[in-house]
Amino acid sequence: MFTTIFVKPIFNLLVFIYTILPGHNFGLAIIIFTIIIRLLMWPLVKRQLHQAKVMRQIQPELKRIKKEAKGNRQKEAQLQMELYRERGINPFASIVTLIPQIIILIALFSGLNRVVHDPHAIVNFAYPGLQHMAWMQQVAHNIHLFDNTLFGVVNLTKSALGKGGVYWPAMVIVIASAVTQYYMSKQLMPQQKNARKLRDILKAAGEGQQADQAEVNAAVGRGTRFLFPAFIFIFTVNYAAALSLYWFMGNLVAVIQQYIVLREDETEMEALAEDGKPTKDVKAIPEAEVITPPKKTKNKKKKSNKRRKR
């Protein structure tokens with residue numbers, strides 16, 4: 001069922017691009033395919049990036065809440081959730097964006113895996129409508145016409161590490177995918193001054209100081225900047241360079257998208273908030289919370305004027 005619903009449609013979109021592309025270069029088809037996928041996901045990505053920017057902006061307010069709570073975790077969590085609602089932040093928004101990306105990655109991995117083990121899958125796994133196209137019929141009769149390279153430089157069916165040792169053209173793509181993943185993660189990290197490392201927090205906790213969970217979570221989050229690139233390197237270095245190329249191009253487009261969104265004007269970003277709710281203003285404060293000057297001051301002035309007349 002997963003193959004029918006996800007793998008085949010995604011793989012056939014790639015095959016369709018490859019078929020209609022002048023020159024029929026498989027590497028260029030993967031690049032165009034990746035750009036199309038990222039553009040289709042733009043609405044979800046933009047909302048996620050907006051929330052990431054707001055999270056960076058509210059760091060001073062989170063620190064203020066921490067001071068007001070004075071160690072009361074329940075009160076601190078309640079105030080944080082109120083702040084999130086006011087600023088239109090959904091803690092689970094990133095999951096909504098992550099799920100489609102994982103599905104596409106797995107589906108593409110499955111489709112490319114077929115081509116790596118059997119080049120004829122470029123034809124056999126395609127829909128009948130694509131199989132009857134002129135170029136696909138030529139490839140079906142002569143599989144050597146299938147150009148599985150990136151501009152004739154990188155063999156996309158070979159892995160960076162294999163039986164023959166290091167295949168450096170593929171290794172360059174793998175390293176580039178890890179580097180772009182690092183910068184993509186770094187763009188979304190909240191900018192905190194005097195932020196302590198996880199090692200320093202644990203050391204202070206060992207000396208008897210109580211560790212703040214929010215500070216621990218932030219330190220762990222900063223550590224993922226290095227964890228994800230390392231994971232991607234380990235995952236892609238032993239697989240065909242076609243997957244590394246997809247990951248690299250996806251990261252590159254994401255870095256550009258994040259740069260565009262994160263540098264937008266703050267007022268424009270506030271208008272894109274999920275719930276469209278502005279932050280609290282004076283009009284929203286109940287009357288009981290508004291401190292008005294006492295009226296007795298006027299009476300005192302009147303009495304003083306009477307005394308002067310006398």
Side-chain angles (χ1 to χ4, degrees), residues 2 6-7 10-11 14 26-42 44-45 48-49 52 93-117 148-150 153-190 198 217-259 261-262:
F2 184 82
F6 297 108
V7 178
I10 290 173
F11 179 78
L14 175 61
F26 195 58
L28 182 58
I30 292 176
I31 292 175
I32 296 174
F33 168 84
T34 308
I35 294 173
I36 290 174
I37 292 297
R38 294 297 304 188
L39 290 178
L40 290 175
M41 294 183 61
W42 175 244
L44 289 175
V45 172
Q48 180 193 9
L49 294 179
S94 57
I95 299 177
V96 178
T97 309
L98 186 62
I99 290 175
Q101 295 183 56
I102 293 175
I103 292 175
I104 293 171
L105 180 64
I106 296 174
L108 186 64
F109 176 87
S110 178
L112 292 175
N113 198 37
R114 293 171 182 266
V115 177
V116 169
H117 289 90
N148 58 5
T149 68
L150 175 62
V153 177
V154 185
N155 186 346
L156 297 176
T157 61
K158 293 183 65 176
S159 60
L161 287 180
K163 296 179 180 179
V166 180
Y167 180 51
W168 284 108
M171 181 62 76
V172 171
I173 299 177
V174 172
I175 294 173
S177 63
V179 171
T180 51
Q181 179 67 39
Y182 169 79
Y183 280 105
M184 187 176 71
S185 301
K186 186 179 179 181
Q187 278 181 314
L188 299 178
M189 288 291 172
L198 181 61
N217 293 338
V220 172
R222 289 192 297 271
T224 58
R225 289 183 300 174
F226 305 98
L227 180 63
F228 286 144
F231 171 77
I232 290 171
F233 181 86
I234 295 171
F235 176 69
T236 58
V237 74
N238 293 309
Y239 190 69
L243 188 65
S244 301
L245 178 62
Y246 166 76
W247 204 294
F248 165 66
M249 283 305 305
N251 289 344
L252 187 62
V253 175
V255 168
I256 297 173
Q257 288 177 330
Q258 290 176 182
Y259 173 77
V261 173
L262 295 177

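Values below: every heavy atom of this structure, side chains too, minus hydrogens, waters and symmetry copies.
The line from CZ of R38 to CD of Q101 is 5.0 Å long, rounded to the nearest 0.5 Å. Annotation: the span from L112 atom CG to I10 atom CD1 amounts to 11.0 Å, rounded to 0.5 Å. Taken to the nearest 0.5 Å, the CD1 atom of I30 stands 5.0 Å off from the CG atom of L156. Residue F248 holds its CZ atom at 8.0 Å from CD1 of I173, rounded to the nearest 0.5 Å. Going from atom CG of L28 over to atom OG1 of T149 covers 10.5 Å, rounded to the nearest 0.5 Å. In this structure, I175 CD1 and I232 CD1 are separated by 13.5 Å, a value rounded to the nearest 0.5 Å.
With sequence neighbours left out, T180 forms a side-chain hydrogen bond (donor to acceptor under 3.5 Å, both in side chains) with N251. Taking the side-chain hydrogen bond (donor to acceptor under 3.5 Å, both in side chains) definition, one finds that N155 meets it with T157, sequence neighbours left out.
In plain terms, the two heavy atoms of F26 and N148 that are nearest each other are CB-CA, 3.9 Å. S244 and T236 make their closest contact through OG-CB, 3.3 Å (heavy atoms, listed as atom of the first residue, atom of the second, distance). Considering every non-hydrogen atom in both V154 and A241, the closest pair reads CG1-CB, 4.3 Å. The shortest heavy-atom contact between V237 and S159 is O-CB, 3.9 Å. Listed here is the closest heavy atom pair of A240 and V116: CB-CG2, 3.6 Å. Contact between A178 and P229 at its shortest, heavy atoms only, is O-CB, 3.4 Å.
Two residues are said to be in side-chain contact when any heavy atoms from C-beta on lie closer than 4.5 Å; L161 and V166 meet this criterion. The side-chain heavy atoms of Y246 and F109, taken from C-beta on, include no pair separated by under 4.5 Å. Under the 4.5 Å side-chain criterion, counting only non-hydrogen atoms from C-beta, F226 is not in contact with K186. Put simply, the side chain of W247 does not reach to within 4.5 Å of the side chain of V174, judged on heavy atoms. Proximity of L252 to T34: side-chain heavy atoms (C-beta onward) are nowhere separated by under 4.5 Å.
No donor-acceptor distance shorter than 3.5 angstrom exists from the side chain of Q181 to the backbone of F228, with no hydrogens or angles considered.
The aromatic rings of F2 and F6 are tilted relative to each other, their planes meeting at an angle between 30° and 60°.
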